[in-house]
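Accompanying notes for the structure given below.
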Amino acid sequence: MSSNPVAETVASLMPRAKAELAELVAFRSVADFDQFPKSESEGAARWVADALTAEGFQDVALLDTPDGTQSVYGYLPGPEGAKTVLLYAHYDVQPPLDEAGWTTPPFELTERDGRWYGRGTADCKGGVIMHLLALRALKANGGVPVHVKVIAEGSEEQGTGGLERYAEEHPELLAADTIVIGDAGNFRVGLPTVTTTLRGMTLVRVQVDTLAGNLHSGQFGGAAPDALAALIRVLDSLRAEDGSTTVDGLPADASWDGLQYDEEQFRADAKVLDGVGLIGSGTVADRIWARPAVTVLGIDCPPVVGATPSVQASARALISLRVPPGTDAAEATKLLQAHIEAHTPWGARVAVEQIGQGQAFRADAASPAYQAMADAMAVAYPGQEMQYAGQGGSIPLCNTLASLYPQAEILLIGLSEPEAQIHAVNESVSPEELERLSVAEALFLRNYAAS
């Protein structure tokens, strides 16, 4: 980093940031209370609330949202007449998946090869720490020049919409001139990036039933309709021969005209096995940012170990469908349901239940806040120009905020670059990225105040 006083302050705060992130990572704050104790999420929420209180925030509150989780809110007043900036992150995390697949314990921050490993380090507990670092650096160098609101969500990874519903019921709470969503990431380490589009999503559970109960596969197999086989046929119908997503009536031919993603680099980032091809058509950027993508997240069926020679009477699957900006998620859900029903074979009974939904998002990258961020990024990342990229993931809150506050400028930055492996085993964060992005956010707030 340069000899900028803000950068020097952030550098001096990094040991504290590591210790704090370790404390926050230690909470098993998965907002699925059938699998993880609610007390773990509540503990993480209290940690964030205490951190905001210690920084002088007012009106710090644990907000009980309609989905049974808590979001943390705080307000830090700035100079009279200053603009208001909302800083967002979330403290809930994805499940660790196969804990045996982690090199080090998922809920224990571990430094290895220059990175900090642990569930939530990048997505998005590190975002909470980034906001704290930026504010501390400003307080040590002349003060925070804007009014700041912080909101830390407790169920973003579940897609259950608690904070969205709460915000709609309390529209004045999160009102701001500009909103910084700290839940995106750089295109790669060292390349400063703002995310200008997000895909929307719909999540459905599909159940196929064919028999009153399982049957002996020798006695009845060959004529008795197999629910698992029927489900497999349904799932296969959602992809073309090349792997492209094919939902009847859903457009799938849009193109991305911004930053491009080199195919070999994508293969390396995604850790595609040698000899295995990528799926879909068009450029990689087309496929992951501009077109729909279906993923089978799970199937309920007998495990191989312990399976009996039976024709299955019932089978279930959880399906995610990501949709690009310009496609209405509610309409996509209807098309997906109709497709599943139309492609279910043998007259099998099929039920489609919607579990979650969020709209796609497109930011106005020509707004003044983007120039303020570009200038800040140029200082935090010397010699690098800020890039504009899409993101295949979904942050449903973005559309809620854009609808509630149509005049607000919304920027997406964050720590989830490819090496972070968010949602996978061995998630990690680059401490250098945490440091540089904290500097960038601090300088952005200063630039924006003066704009």
Side-chain angles (χ1 to χ4, degrees), residues 6 9-10 48 51-53 55-61 63 71-90 124 126-153 163 167 170-184 192 194-196 361 363-377 379-380 386 395 397-415 436-451:
V6 167
T9 300
V10 171
V48 176
L52 295 181
T53 300
E55 294 303 322
F57 276 74
Q58 301 175 3
D59 306 323
V60 175
L63 311 176
S71 290
V72 186
Y73 171 81
Y75 173 68
L76 184 68
E80 185 177 353
K83 298 171 183 175
T84 299
V85 177
L86 174 67
L87 304 179
Y88 167 90
H90 63 85
C124 180
V128 174
I129 303 301
M130 177 182 73
H131 294 327
L132 291 173
L133 279 171
L135 295 173
R136 289 167 181 163
L138 287 173
K139 289 166 69 177
N141 291 278
V144 181
V146 294
H147 304 299
V148 174
K149 295 179 178 181
V150 166
I151 188 71
E153 188 174 2
L163 182 55
H170 305 83
E172 75 291 339
L173 185 70
L174 303 182
D177 297 295
T178 280
I179 300 166
V180 179
I181 304 290
D183 190 25
V194 289
T195 298
T196 57
F361 171 78
D364 176 11
S367 61
Y370 276 80
Q371 186 58 54
M373 183 62 79
D375 293 341
M377 291 283 202
V379 175
M386 187 175 79
I395 306 176
L397 181 67
C398 283
N399 274 88
T400 299
L401 296 176
S403 175
L404 289 174
Y405 319 118
Q407 302 307 312
E409 303 175 67
I410 300 178
L411 300 96
L412 293 98
I413 62 172
L415 300 162
R436 286 184 290 225
L437 284 167
S438 300
V439 171
E441 182 167 278
L443 296 179
F444 161 75
L445 293 173
R446 185 179 284 176
N447 293 347
Y448 182 65
S451 65

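Residue numbers start at 1 and run along the sequence shown.
- Nearest heavy atom pair, residue Ala137 against residue Thr9, reads CA-CG2, 3.8 Å.
- Annotation for Pro77 and Gln58: closest pair CG-NE2, 3.5 Å, computed over non-hydrogen atoms.
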field: side chain to side chain contact (heavy atoms under 4.5 Å, CB included) between Leu63 and Ile151, intermediate numbers included
entry: CA-CA 10 Å; Leu63 311 176; Ile151 188 71; 4.0 Å; yes
Below 3.5 Å, can you tabulate the donor-acceptor pairs from side chains in residues 170-178 to any protein atom, sequence neighbours excluded?
unit_1: His170; atom_1: ND1; unit_2: Tyr166; atom_2: O; d: 3.0
unit_1: Asp177; atom_1: OD2; unit_2: Thr84; atom_2: N; d: 2.8
unit_1: Thr178; atom_1: OG1; unit_2: Tyr448; atom_2: OH; d: 2.9

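- Between the CG atom in Asp183 and the NE2 atom in His90 there is a gap of 3.5 Å [rounded to 0.5 Å].
- Note that CD1 of Ile179 and CD of Glu409 are 10.0 Å apart. Values are rounded to the nearest 0.5 Å.
- Put simply, CE on Met373 and OG on Ser367 are 10.5 Å apart, with the number rounded to the nearest 0.5 Å.
- Note that CD1 of Ile413 is 8.5 Å distant from CG of Leu87, once rounded to the nearest 0.5 Å.
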message: Between Phe361 and Ile395, does the side chain to side chain contact (heavy atoms under 4.5 Å, CB included) criterion hold? Intermediate values first, please.
response: CA-CA 8 Å; Phe361 171 78; Ile395 306 176; over 6 Å; no
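- Minimum heavy-atom separation, Pro79 to Val146: CD-N, 4.1 Å.
- Taking CG of Leu412 as the start and CD1 of Ile181 as the end, the distance is 5.5 Å to the nearest 0.5 Å.
- Side-chain atoms of Ser451 and Lys83, non-hydrogen and from C-beta on, do get closer than 4.5 Å to each other.
- Residue Val48 comes nearest to Ala152 through the heavy atom pair CG1-CB, 4.0 Å, listed as atom of the first residue, atom of the second, then distance.
- Closest approach of Gly127 and Ala89 over heavy atoms only: C-CB, 3.9 Å.
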Please output the side-chain donor-acceptor pairs of residues 438-445 that fall under 3.5 Å, not counting sequence neighbours, one pair per line with the distance.
unit_1: Ser438; atom_1: OG; unit_2: Leu434; atom_2: O; d: 2.7
unit_1: Glu441; atom_1: OE1; unit_2: His131; atom_2: ND1; d: 3.1
unit_1: Glu441; atom_1: OE2; unit_2: His131; atom_2: ND1; d: 2.8

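- Residues Met377 and Leu437 have side chains in contact (heavy-atom distance under 4.5 Å, counting atoms from C-beta outward).
- Taking the side chain as every heavy atom from C-beta outward, Phe57 and Val148 approach each other to under 4.5 Å.
- When all heavy atoms are compared, the tightest approach of Tyr370 to Ile410 is OH-O, 2.8 Å.
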Worked verdict on Glu153 versus Leu397 for side chain to side chain contact (heavy atoms under 4.5 Å, CB included): CA-CA 10 Å; Glu153 188 174 2; Leu397 181 67; 4.2 Å; yes
